[in-house]
Every structure is written in C-alpha cells, then in structure tokens.
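Atoms within a ligand are numbered from 1 in the order they appear, just like the ligands themselves.
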Amino acid sequence: MIPIRRDSVTTEDPLRQPLRVLPGVGPSRQQVLAKLGLNTVRDLLYYLPFRYEDRSHPSPLGYLAPGPVVVVGRIKAVEDRKLRGPKVQRVTTIVLADRTGQATALFFNQPYLAHELGPGQVIMVQGRAVRRPGGWEIAAHGWELWERGSAHAGRIVPVYQVTQGLSVRTLRGLIRAALDISLPAIVDALPESLRTRLGLADLPWALEVVHFPTDLPSAEKGRRRLAWDELFALELGLGMARRYRREREKGVRHVPDGPLLAAYFASLPFSFTAGQQKAWNEIRADMEAAAAMNRLLQGDVGSGKTVVAGAAIVKAVEGGYQAAMMAPTEILAEQHGFTLSRLLGPLGIQVRVLTGTVEGRARQEALQAIASGRTQVVVGTHALIQEGVSFANLGLVITDEQHRFGVRQRAALRAKGSSPDVLVMTATPIPRTLAMTVFGDLDVSTIDGLPPGRHPVKTVWFRRSERARVYHGLARELELGHQGYVICPLIEESEKLQAQAATELAQELQSGYLRKYRVGLLHGRLSAAEKAAVFEQFRSGELQVLVATTVVEVGVDVANATMIVIEEADRFGLAQLHQLRGRVGRGTAQSYCVLVADPNSDTARRRLETMCREHDGFRIAEADLALRGPGEVLGTRQSGLPDLRVADLVHDQDLLFKARAEAEQILDEDPLLRSHPLLRQSVAEMFRDRAMFATTG
Ligand code: ADP
Ligand code: MG
C-alpha cells in the first residue's frame, strides 16, 4: 500500500466546499444533487455537459421556416385564455416582434407567464414554428429573458444529464455560480513547462469553456485538458503503485533455472519464439527477485502463453514451491488441468484439479495432498482461495484477467503464511489503452508474434440461407482428411438450454449435411470424464467433426482441424469470435473460419466485417473497444480502480500514451512526488477510497 499524505483539508479551498454554499441550494436540493454524485463545488465543475445547444443565433422573425426554431423578440402583447377541449385548458399567447417581423408564441398551461412577462421585455423562445392564416405561430417549449451575460440565452449553452427534481436550467445556473466563485482561486497543478510542451489549455480557461464555450472547438480543447488531468493522475497513481510494490512488497525469491526447467524445455517439441523468450525472461527475473511479482501476460490467441506459464510453474516447483492456477469456470479449470497434466506430468509433477465437483472422500484426499505439499500444482476456480484451501508452500498463483488477484487476496494469503508471486493471464489480447488503465498497476509482458509456420485463417461470412454451401465446404475439408468444429449459437441464459441447442444441432448435421461423417458433441453439461473422452476421440481423429459450445473456446488444440463454422456468429463478442477462430490454423494447412449470421443491427454487421478483415488480435481488441466500450469489453466491471469521468479511452488514446510517458519520467526522478505536492494531491483525490492506496497523514 502506498502512503500518500492526504493534505489536511483547507476550509478556504473553494473546490472542497459543499454545494450548500451556492445560492439556491438547501437541504432538499443538496439531496437531489447528491443523487448525481454531486457533493462539492469541485464535483459540479467536473460534471460535463453531454451536448451543447446553440442559442447564439436566433432566427429573424420575418424569415421563419417551419420546424424547430430559436427566436428573440420584444413582447408586444400577452394574453391568457381558457380553451375548450379534452386536454389543453389554458394557453398564453405572447406576440413577439423584432426588426424583421413578428410571430405569436403559444405556451400551454403556464398561466403564471401572464404575470411574469409583459410588453417591452425581450425574451428568447424555443419551439416549433407553424405557418397559420393569421401569421407565424410558435408552439413554445422554453423561454429565457434575453439578457447580457445570461447563462441560458444568447450563447452556446451546455445541456446536462439531470434527474427528477432538478432541471437542466437549474443545474446550469448552479454550475455558472460554482465557476464564478472558484475560478479565480484555482491553482493549476500541471507544471507550466509541461503544459506548454503538450499544447494543453490552462485549467481555469478549460473549466470555463467546457461549460460555456464561445465555439465548439474551444469546448473540445477544454475537455481534452480535463481529460489529461484525469489520465495523468491515473497514470501517476498506477506508476506509484507499481514502484511501491517492486520496492516494498516481498514475494518469493524463486531459485535460478535448474535441471527440472531444462527438462521441461527439452520436452517441448519446439523452442520458444522470440516473443515467448522475451516474456519468459521478464517473468523469470520477477520470480527470482525478492519483490512480489504482479505481472500481466498477454499475447494473441495461439501465441503460446500456456507453455510460458508452464515454465513459470516448473520454476516454482523446482524450488520446492507449489503453484495454483485459477480459472473463471469449472470447465476451464478442467481444461487447464488437462493441458498442464500433459505438459508437466512427464516431468513427474503432480497436477490436480480441485473444483466443486470433487466431493466427499476424493475432496478430503485432495485437500490432504495439497496441505502436505505432495500435490505441486493445483488448478481450480477462484473458490480455491476463498474456501481457504491450505497449501504447504504456495509460491506462485496464476490467475485470469477477469478475476484480478488484488491486494486483499494477497493479504489473505500472507496472513496464512504465504506470499506468492502472481501472474495474470488473458485469453485474448487487451487493447493497449485498457492495459494501461485497468491493468496499469501490473507490469505487462506481451508475447509478440505467433509461432512460425502459421497462416492467417481465411474468414468469410455467409447468410443462414447459404448453410448448404457452408457445410459442403466443410465436407470438402473432411474429404481431405482434415477435421472441423461447428460452434452452436450462444445461449447465455442457461447452460441446460445451451446443451440442448448443441445436441439438436449435432443431430441435425449428423442426419443431414454431414451424414457421411463422424460427428461428436461437446457441451458444458457433460461430466469431466465424458468431456475427456470426446476430446480424446476428436484428437485421435476418430471423430471428424466436433459440434460444440464455447467449451472449446480455450485450450483445445488439434492441429489437424482446419475449419470452424460458427452458427449465429452475431451473438458472440469480437474477442470471443477471435478466440474461437484460434482453434484452427494451428497446423501448416490453410484454415478457414466461416461465420454464419443474419445480423440485425449495424454494429453486429460491422463486427462480422471486422472479423473477416482483421487477423491481429490486438487490432480486433481495439475495434471491440471502439464498438462496445470498455465496460462491455472487460465483461464485469473491474473493481479497485477509479472511474474516468471525462476521458474516453477510445477518443483520448493519444493523451493516455503521453500521460503514461510523462508520469514515468516524473516518477523516475521523484517516486513519491515529494517535489510536486499539487500533483500528489490530485493523485490522492483520484484514488480516494481505493484499496490499492492507503492514505496517511
Ligand atoms: P495461447 O494459450 O496463447 O492461445 P497456446 O499456448 O495454446 O496459445 O499455444 C498454441 C499452440 O502453439 C499450442 O499447440 C502450442 O503447443 C504451440 N506452440 C506454443 N509455442 C510454440 C512455439 N514456440 N513453436 C511452435 N509451436 C508452439
Ligand atoms: Mg519474486
């Protein structure tokens, strides 16, 4: 944990004042504002509009056109009338004139207007213009006094997300007031030299124009400056966390490479690619160091992450430690267990899968073997740690991106006497921007490139009406002695329905398009033994086609499979499609991925087109991020990191890269930001209440 001094709250700091210092904010309004997360003056300043409305150029009354209009005129007459009819009861008509002509504005059911407005006043009206026999009428939905310096009229005005009990107009007024009381007192934390070098706007100006711009490019310039502050504070904080951990958090000092590891490398039928070697060097250096390893290992599908993780496990075991690998689901745990047994079993390393399905005596026996250290490698779900399985000597934890192994879990383990190194693995590449934010507290190893001899998988998209052609193509591959997968449409609601759908698809194909071939079935409801048997039949070539659910997504590795058909491919995310496609193209023959889909949205169509065009997992990940946004791409929301309120990881990528580089440079010289108290304070502000940082002082 990083000690960041939370500098004592100075009451004169206008940004920290509660909102009740603003005129018109009493206890009830304060409550409504709090619903939007607005508690201090600072919160208001950083509550940005989601759009702007140009009220700087009203239409001349003599030249109206039907449709939405903004007009300004001097009031000539106001009249309030009752109407007969089923709904509307009152109408206030206001005759407006300017130098070019006149029009009548109609306000429904706002009789108080007749008291508030009178001849001679100049007002702005927004509404919808209609030509009537007697002249132009405007069905009004808003009005403002036309005054010099108004926050609401005669300019580009900001429009904010509001909530019940709070109008946009009220909020706009409050933000205006907040700016007025605080702008003169704002101190820019960003050193002037850095600001100039990066071409960023100055802070008070940015805060003003992001709300009340004179033109839209200024608003964007202001927003970028605020986005910078956010990204810079984030990268400084994450950089501090990484440095602190490297220096202070003790891990296991693993032994230098020995004969067991040499045997492991000798047992592989290939040598590491340059990318694997580089990642392995980084991991091995971390493991041998006294500091705790907390590293993300990423690489494209098929880049060979598993064998690198395997080396880390062997290294831990070589020094007498145990290793645990944790997967998000039991199926995946079983698959990892299978792969690791195959890799490590021949070296005499005992690998055990411990999931919820291991019960009774078998479980007792497994727990015993783990506690005694006889079992060196345990694969399970995250319940492994939660349920307090006790290890004799746990030295390495390998986990997946969805379940970060955070400070809390580490603390829990340390309390039980072990303090393992941690390697976080991803099944698919993570966009660089996410790696630098959400995973920014980890060191990152990236495996660049694929093992030699791989051809890009040819990817095509067919409509459902063309299924006959698709399966004819699959049959041709089978005739060549190759094998194939057919992935059944994704049903997320229930594993049972998913299994049923897979069963039906297998039956349909076996009795239809693929009746001449041997079709097998794999889904999540099969027992571990059944699954292993089906895998084995497919691997040995006894089965030619495997109809499967996403069970095969990770870890299935049959080089003779050259075609994968994905039914209703538009139901899958890009990362998932890429992962599925990675099941083929593992041998030297040309492989194919066929997407079958009738997409019903533009986004879905673009996803399919992206898949056909792109083969690089990192580029696909970036595309996925742009199409779906970070929340979706990461699946579950990551805990422990601050929200970005202003910055956008797609739009502001360039700023993020610069923020990282600048943060690194500053921290290299001044790891605790001692000579940058303002920056340190903005980091503390950003990471307030986050487990990763402990605040002191
Ligand atoms: P990932 O987990 O990154 O998707 P895998 O670890 O499953 O990739 O590896 C994909 C396939 O490539 C496996 O069959 C593996 O044995 C093989 N492989 C890994 N590294 C190499 C290499 N350096 N040369 C040749 N084949 C390799
Ligand atoms: Mg270490």
Side-chain angles (χ1 to χ4, degrees), residues 261 264-283 295-314 325-329 331-347 351 377 379 398-402 423-430 435 444-457 482-483 485 535-536 538-540 550-562 564 574-589 591 593 615-618 620-621:
L261 197 61
Y264 173 71
F265 285 123
S267 75
L268 296 177
F270 45 74
S271 48
F272 273 5
T273 63
Q276 285 170 314
Q277 191 60 49
K278 183 168 150 282
W280 168 237
N281 288 343
E282 291 163 354
I283 292 168
R295 186 171 281 278
L296 177 74
L297 173 62
Q298 64 164 351
D300 205 346
V301 178
S303 60
K305 294 181 286 285
T306 314
V307 284
V308 174
I313 292 175
V314 175
M325 184 184 257
M326 299 192 290
T329 65
I331 294 172
L332 276 177
E334 264 149 24
Q335 282 178 54
H336 285 318
F338 182 86
T339 312
L340 289 181
S341 303
R342 225 172 20 137
L343 279 173
L344 309 179
L347 305 177
V351 179
V377 181
V379 187
I398 299 179
T399 179
D400 63 277
E401 77 197 80
Q402 279 137 46
L423 186 65
V424 178
M425 291 238 282
T426 71
T428 38
I430 294 167
V444 179
S445 288
T446 302
I447 302 181
D448 291 313
L450 297 177
R454 301 272 176 85
H455 304 291
V457 176
H482 298 153
Q483 290 164 281
Y485 301 96
F535 268 141
E536 199 37 52
F538 188 64
R539 202 170 279 114
S540 68
T550 49
V551 172
V552 300
E553 200 179 309
V554 180
V556 177
D557 192 11
V558 177
N560 189 43
T562 54
I564 183 163
L574 272 182
Q576 213 168 12
L577 288 174
H578 183 61
Q579 185 58 243
L580 285 167
R581 177 167 65 183
R583 296 312 105 208
V584 297
R586 295 187 159 239
T588 45
S591 291
C593 172
H615 292 91
D616 180 319
F618 284 92
I620 287 174

I need the atoms of ligand 1 closer than 4.0 Å to a non-hydrogen atom of [X], numbered in the order shown.
{"X": "T273", "value": "23 (N)"}
{"X": "T306", "value": "2 (O), 5 (P), 6 (O), 7 (O)"}
{"X": "D300", "value": "3 (O)"}

Original post:
Any donor and acceptor pair, going by atom type alone, linking the side chain of Q483 with main-chain N or O of F538 inside 3.5 Å?
Top reply: yes
Original post:
Do the side chain of R586 and the main chain of G582 share a donor and acceptor less than 3.5 angstrom apart?
Top reply: yes
Is [X] in polar range of ligand 1, meaning some N or O pair under 3.5 Å apart?
{"X": "Q276", "result": "yes"}
{"X": "V301", "result": "no"}
{"X": "P452", "result": "no"}

Original post:
Considering G302, S271, G275, which one's heavy-atom position lies nearest to atom 4 (O) of ligand 1?
Top reply: G302
Original post:
With respect to atom 17 (C) of ligand 1, which of R454, Q277, Q579, Q298 exhibits the smallest heavy-atom separation?
Top reply: R454
Min side-chain heavy-atom separation [X]-[Y] under 4.5 Å:
{"X": "L343", "Y": "I313", "result": "no"}
{"X": "Y485", "Y": "V558", "result": "yes"}
{"X": "V308", "Y": "F272", "result": "yes"}

Original post:
At the 4.0 Å heavy-atom cut-off, does S303 count as touching ligand 1?
Top reply: yes
Original post:
Is ligand 1 less than 4.0 angstrom away from at least one heavy atom of I447?
Top reply: no
Original post:
Any side-chain hydrogen bond (donor to acceptor under 3.5 Å, both in side chains) pairs touching residues 299-312, not counting sequence neighbours?
Top reply: D300-H578
Original post:
Which residues pass the side chain to side chain contact (heavy atoms under 4.5 Å, CB included) test with P451, sequence neighbours left out?
Top reply: T273, R454
